2 protein chains.
Amino acid sequence: MQPTDTKTQILDVAQDLIQRLGVNGMSYQDISAVVGIRKASIHTHFPRKEDLVTALLVRYRERFLRIVDGILASGDEPEVKLRRYCGLYEATLSSGNRNKVCLYAMLGAELNVLNSPLVVQIQQFYRDNEDRLVHLLTEGKQRGDFRFPGDVDTMATLVFGSLEGEMLIARAHGGAERFHQVVEQLLRLIKGHL
Amino acid sequence: MQPTDTKTQILDVAQDLIQRLGVNGMSYQDISAVVGIRKASIHTHFPRKEDLVTALLVRYRERFLRIVDGILASGDEPEVKLRRYCGLYEATLSSGNRNKVCLYAMLGAELNVLNSPLVVQIQQFYRDNEDRLVHLLTEGKQRGDFRFPGDVDTMATLVFGSLEGEMLIARAHGGAERFHQVVEQLLRLIKGHL
DNA sequence: GTCTATAGCGCGATAGAC
DNA sequence: GTCTATCGCGCTATAGAC
């Protein structure tokens, strides 16, 4: 494991801070204290704060969708794929007992204090995920594994919003265990068995 | 309609600001600009910002649960009661095209930057709502109106988290119409009909 | 690329006159 | 109860030395 360059360290620390405290709760001072450089030096890598956040969103999106597409391309059964997809969210919430949520869930909550280029990135991430869920739910329904009422698009919307939104609520009340129960309940509803 | 006193005006404006921008996005300066007094004067009514937020949470909780308990005590069928409950969330999201979410959803997202007395109030609100949902879902299940898999407690958790969480996501992508679709989908899942 | 130093701003909060 | 004035703080961001 080779040493990480400063720019990557800044991104890593900033992401952790935003996932816990939000964009407005993250400051260059906070980052510098962890990385071990002066806050002015951060401006060398990311002149404005929005540059840093934009870079974070791009990196997060690419990593996340790469994993999701790997799940979709696997030979697993639809239920297993869906379980693995939900597992990505569970892993974030459980990571390090530090009350982290999905980067895009936190920014969604702060939507009205963000500049519009960031808003567009957020909307794109939501759309990309719902598209993947539509694909996954359609496959499961065609195979007969999934048996839920209503149309696939609406169900995908519900699943994605519930996963992202539940993270924010579970953090305050119930934590990772509550979130896991909700995921299992979602799966039961999707499978449509009493 | 008699004129509203200053203290109530401050509460009203502060609540609107928090529901749109969050606690850290709301400032005494913002409030004073709308109410029409100087920001120093607000400290007469609420010495510290936390005093203002605490008063807001108490007022919101009492109003909200009073309405919910009215719904539960009505003679409506369980499905109608649930529809009316979800309608409270829809009404907030649709109010004034100003992208408002439930006060407690916003504070849940900001959990890690709030003092612990506020955190306790948030947890209590979540618990109170989930208790009411357990009661409502149990009634519907016993009457045979509701036919969902899994236990009632878990389903109540899912419904509450989905409603609160979806608000935050729907604001960025899909808006009030998306939220309405999700509510209808939730109702289909609870009724358990294909 | 990192440092020190500082500018400029908005914030929560307080003092004291009216 | 509201006002003017001000303090002290943390923040984003920039200038210039090394």
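Because the structure is predicted, anything quoted here is derived from the model rather than measured. Residue numbers begin at 1 in each chain, while the letters A, B, ... track the order of the sequences.
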Hits for salt bridge (charged side-chain N to carboxylate O under 4.0 Å, His left out) against Lys49(B), two or more places apart or cross-chain, chain-then-number order -> none

Applying salt bridge (charged side-chain N to carboxylate O under 4.0 Å, His left out) to Glu166(B) and not counting sequence neighbours gives Arg178(B)

So the salt bridge (Lys or Arg N to Asp or Glu O under 4.0 Å) pairs with at least one residue in residues 145-161 of chain A (sequence neighbours excluded) are Arg143(A)-Asp145(A)

Salt bridge (Lys or Arg N to Asp or Glu O under 4.0 Å) pairs touching residues 6-18 of chain B, sequence neighbours excluded, are Asp12(B)-Arg59(B), Asp16(B)-Arg20(B), Asp16(B)-Arg98(B), Asp16(B)-Lys100(B)

Can you name the residues that form a side chain to side chain donor-acceptor pair (under 3.5 Å) with [X], not counting sequence neighbours?
X: Asn129(A); value: Tyr85(A)
X: Ser27(B); value: Asp30(B)
X: His43(B); value: none
X: Asp69(B); value: Arg132(B)

Q. Angle class for the Tyr89(B)/Phe64(B) ring planes (parallel below 30°, perpendicular above 60°, tilted otherwise)?
A. perpendicular

Report the distance from atom [atom1] of [X] to atom [atom2] of [N], rounded to the nearest whole Å.
X: His45(A); N: dA13(D); atom1: NE2; atom2: P; answer: 15 Å
X: Phe46(A); N: dT2(C); atom1: CZ; atom2: P; answer: 12 Å
X: Gln29(A); N: dA13(D); atom1: CD; atom2: C1'; answer: 13 Å
X: Ile42(B); N: dA13(C); atom1: CD1; atom2: C1'; answer: 12 Å
X: Asp30(B); N: dG10(C); atom1: CG; atom2: P; answer: 11 Å

query: Is the phosphate of dT2(C), meaning OP1 or OP2, less than 4.0 Å from a side-chain N or O of Thr6(A)?
result: yes

Is there a side-chain contact between His43(A) and the phosphate of dT2(C), meaning an N or O under 4.0 Å from OP1 or OP2? no

Gln19(A) and Gln15(A) side chains, donor-acceptor separation under 3.5 Å: yes

Here the residues of residues 110-117 of chain B within 4.0 Å heavy-atom distance, strictly under, of DNA chain C are none

The correct set of residues in residues 7-28 of chain B placing a heavy atom under 4.0 Å from DNA chain C is Met26(B), Ser27(B), Tyr28(B)

Distances for protein N or O near nucleotides 3-9 of chain D N or O, under 3.5 Å:
residue : atom : partner  : partner atom : Å
dC3(D)  : OP2  : Arg38(B) : N            : 2.6
dC3(D)  : OP2  : Ser41(B) : OG           : 2.9
dT4(D)  : OP2  : Arg38(B) : NE           : 2.8

Quick note, side-chain hydrogen bond (donor to acceptor under 3.5 Å, both in side chains) partners involving residues 103-116 of chain A, not counting sequence neighbours, are Glu50(A)-Asn115(A)

